[in-house]
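Below you'll find the structure, written out as structure tokens, and then a few comments.
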Amino acid sequence: MRGIGLNIPKVDALDKVLGTSMYGEDFSFSNLLHLKVVRSRIPHAKVVGIETGEALKVTGVERIFTAKDIPGNNRIGVIQKDQPVLVSDRVRRVGDPIALVAAKTIEGAEEACEKVKVIYEELPFVKTPEEALRPFAPPIHEKGNLLIEFNLIKGDIQVGFKEAEIIIEKTYTTTWVDHAYLEPDGGVAFWDEKGRLTVICPTQNVHYDQREVASLLNLPIEKVRIIQPTTGGAFGGRLDVTVQCFLALAAFHLKRPVRLLYTHEEVFQVISKRHPLKIHYRSGARKDGRLVAVEVDILGDTGAYASYGTTVAVRSAIHATGPYEVPHVKIRSRMAYTNNPWSGAMRGFGVPQIAFAHESQMDLLAQALKMDPLEIRKINALQVGGETATGQLLRASVGIRKTLREIERWRNKISLSKFDPERPFLRRGIGIGSMWYGIGNTGIANPSTAQIELSPKGEIKLYIGVADIGQGSDTALLQIASEALAVEIKEIQLIRADTSNTTDAGSTSASRQTYITGNAILKAIENLKKEVLKEASFLLHEEEGDLFVEEGFVKHRQKFCIALPIQEVARRTGRTIRGEGYFDPETTKLDPKTGQGSPYATYAFATHLAEVEVDIETGKVRVLRVIATHDVGRAIHPKNVIGQIIGGVAMGVGFALMEEYIPGQTISFLNYLIPTSKDVPEVIPILVEDQEPSGPFGAKGVGEPALIPSAPAILNAIADAIGERIYHLPAKLERVLEAVQKSKSD
Amino acid sequence: MIRFILNGREIEVEVPPHWTLLRLLRERLELKGTKEGCGIGECGACTVLLDGMPVNSCLVLAPKVEGRRVETIEGIGNKESLHPLQKSFIEFGAVQCGFCTPGVLMSAKSLLERNPHPTREEIKEAISGNLCRCTGYQQIIEAIEAVVNHLKRETI
Ligand code: FES
Ligand code: FES
């Protein structure tokens, strides 16, 4: 089976249902040592001493590493290198790593961790971004507590508000959210037979990990090998380094295999979270519903380290208007360091947070203007020829209006009664949420590479550095290759996400792999075909210009009897024929003062409609149904795209109603609740395919867009049901009850 | 030394008394298909069947299975002959990262053995102890329903 748009079985599904896939925790060796990390229990302190004497006496303990054992650069970080692998002088958050124990048993390693004595000099700690930015606040990093301030300016905001006939001004907040992927971080490291320090563990970017490990250990890059095994979800949490550096450091010194498995509680404590944002939003519109001005101030908490803080600040600002055309825009977006848990990448990079705000604003405007919420969105929605807040002209594939039309069709069919005579404590409502999402990294080069080979044995090999984290990129990318080569998927061997055999594809994030690596694969195949023709011309004694490749065969423009399978060309020449591909989406850098430019080559669009039921006595909200319409360009594998959407909605339900990581309180799934099979609504996914001319077979991306519109739609539906709006996520019981009270007193 | 029936075969194995069944399966018997998600009984990734009933193997002490019947993902099907649920999971796109999959399959298998014609609500209930962060459950539920409908057709 091959082909774009076909629901072939996911290539990894068979092993997964059999339980034979190998995840990070499934690797082990008979002579390995177990690792455990000693971590800080206080949020901010000078470390004046680390005593390991007692710990070393624990039976089975082989060695304890501290920052002194790091031969290279003890600073990592995806954008700013501000994070120590092992703290030498200062802890900046609860959970900062201080020492690493290697022992013969897990129990021994655990006991030794307890016995490592850390002597601290406590420092005042910063709990909120507001506090962090005050004059004389304790500096968390040498350069101060402001990680970034990004400004986006279009038109003249004062003129805009003068034109406005209605102005809505509100403040919204969101909190820390955990990725809650099911597989805890963990893996193994060892020196392989070729003298390469090898690390196997879940990740979203093997080549980034390789650079960090090489720099940490001062090793030439080719001496480090990172392999991504089957990975149990990621959602952005594995874009930063997790266990890689610890594993590598220990194996480097001990010269024997080591294994480190984080406990579930440790994952909750130390892996990055979704950035809490405080969003002050002012929008102005004319009486006819046209948006004329949007002014937003965003302040985020990046916690102790930068991670993706800059990305979130910039991306949330760029997307702050929502998928609407607004002539006058002024946005300031800042991110501050605090001593809170560090925030990083999580599905959407700030866009889910900002979408909650812009979609609440749209409904408030509609309400004030006595307009239909769908109508006001239709009036303002971007379209081809329209211009975004960064001044980017949209040239194609702007499906937002199509998603709105689909939602309208569905809404006309809904008969949901607000009250239930049998159960007078229930209120029902519907709400709409729209979004847009730029595919790929923001305003910077973010290329991918791929190679395709025909071997003399007739094999076809596809090499990609892409980490499939469960969403199905392996399958989709193989489909793209098989379609372009006109061969069956099972004829293509996939070599993936292993730094020793593949080249840099960038990270699996920003919904970028289908679009970017998909295109790199197409380029590789184009180049392969050229090589094949060269070889074929030699073999067949025909002019190269007379030959062409069609449906997997080399053919001749005049001599119809010539039809040589491309694999046969490699077989006959006895050499490997290879095509290399490179693709970097067309973007421009943003102006540092005004944020103007074209940060993404293409955007995805979506609208969700949520039906909810609110129990006004308990505050419990049940999401009954979500209609989810998505413009994905072209669905390479519709069933997987739909799977992304349904999964995204479930995460959106969690984000809207229940998920809240409370520093110092949240421990595990015991008190961090994510939706179960009984909490999720029925989802009706609808694909509107507004093909992207620059996408592989018209595709864009869907991973993050799937989640973004759900929470806004749900919150708007709650407001519709109870007549009062909630401005802080999650809309947990108390907040709903408070809103119910308020609606009664109004 | 404990003795029990594992995937239809009687086995005898030495195990420290404080080990959990999960640890025994994964670390001693090398059956890695049963996953450790949380280790505290909250995620269901470690679900196995004990005398036909789903349990979180991370909460069961290994010696407790003495003389009993334990079934794991390795016992329900293989490449040559998949269990109908396994087939259906592939077909309906019920598998994304797959980390929850073995556990969900075990819960579903137990349900169908006890109640071959469950309603949608009963299916949801049966897998409500299995967290899945990727799929939103809908395609999992559809996959189970398809097997139920198939069973129904066969019995009519
Ligand atoms: S690992 Fe047993 S319930 Fe999570
Ligand atoms: S498929 Fe990833 S947790 Fe269920």
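Within every chain, numbering begins at 1; the chains are lettered A, B, ... in the order of the sequence lines, protein sequences first and strands thereafter.
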Taking side chain as everything from C-beta outward and backbone as N, CA, C, O, which of these in [X] sits under 4.5 Å from a heavy atom of chain A? Side chain, backbone, both or neither.
X        : answer
B:Glu27  : side chain
B:Lys79  : both
B:Leu105 : side chain
B:Ile127 : both

For the backbone of [Y] and the side chain of [X], can you confirm whether one donor and one acceptor N or O come within less than 3.5 Å of each other?
X        : Y        : result
B:Asn130 : B:Gly44  : yes
A:Thr475 : A:Val11  : yes
B:Arg69  : B:Ile5   : no
A:Lys10  : A:Ile8   : no
A:Ser710 : A:Gly652 : no
A:His179 : A:Tyr181 : no
A:Arg625 : A:Glu611 : no
B:Lys124 : B:Thr119 : no

Describe, in one word, how the ring planes of A:Tyr23 and B:Phe99 are oriented to each other, choosing from parallel (under 30°), tilted (30 to 60°) and perpendicular (over 60°).
perpendicular
Is the ring pair A:His608/A:His630 parallel, tilted or perpendicular, if the boundaries are 30 and 60 degrees?
perpendicular
Relative to chain B, which segment of [X] carries a heavy atom at a distance below 4.5 Å: side chain, backbone, both, or neither?
X        : result
A:Leu670 : both
A:Phe268 : neither
A:Asp468 : neither
A:Glu266 : neither

After noting the C-alpha distance and the side-chain angles of B:Arg26 and A:Asp26, does the key distance pass the salt bridge (charged side-chain N to carboxylate O under 4.0 Å, His left out) rule?
CA-CA 8 Å; B:Arg26 290 182 52 84; A:Asp26 299 331; 2.8 Å; yes
For B:Asn115 and B:Glu122, which I'm curious about, is there any donor-acceptor pair between the side chains at under 3.5 Å?
yes
Pull out the residues in residues 134-141 of chain B that come under 4.5 Å of chain A, heavy atom to heavy atom, sorted by number.
B:Cys134, B:Thr135, B:Gly136, B:Tyr137, B:Gln138, B:Gln139
Nearest 0.5 Å, please: how far is CD in B:Glu42 from OG in A:Ser668?
6.5 Å
Looking at chain A, which one of B:Glu30, B:Lys35, B:His83 has the largest number of heavy-atom pairs inside 4.5 Å, strictly under?
B:Lys35
In terms of heavy-atom pairs under 4.5 Å with chain A, the winner among B:Leu85, B:Ile90, B:Val95 is B:Ile90
Sort by residue number and list every member of residues 641-650 of chain A having a non-hydrogen atom under 4.5 Å from chain B.
A:Ile642, A:Gly643, A:Gln644, A:Ile646, A:Gly647, A:Ala650
Test A:Arg238 against A:Glu183 for salt bridge (charged side-chain N to carboxylate O under 4.0 Å, His left out), laying out the working first.
CA-CA 11 Å; A:Arg238 314 212 220 234; A:Glu183 180 205 6; 3.4 Å; yes
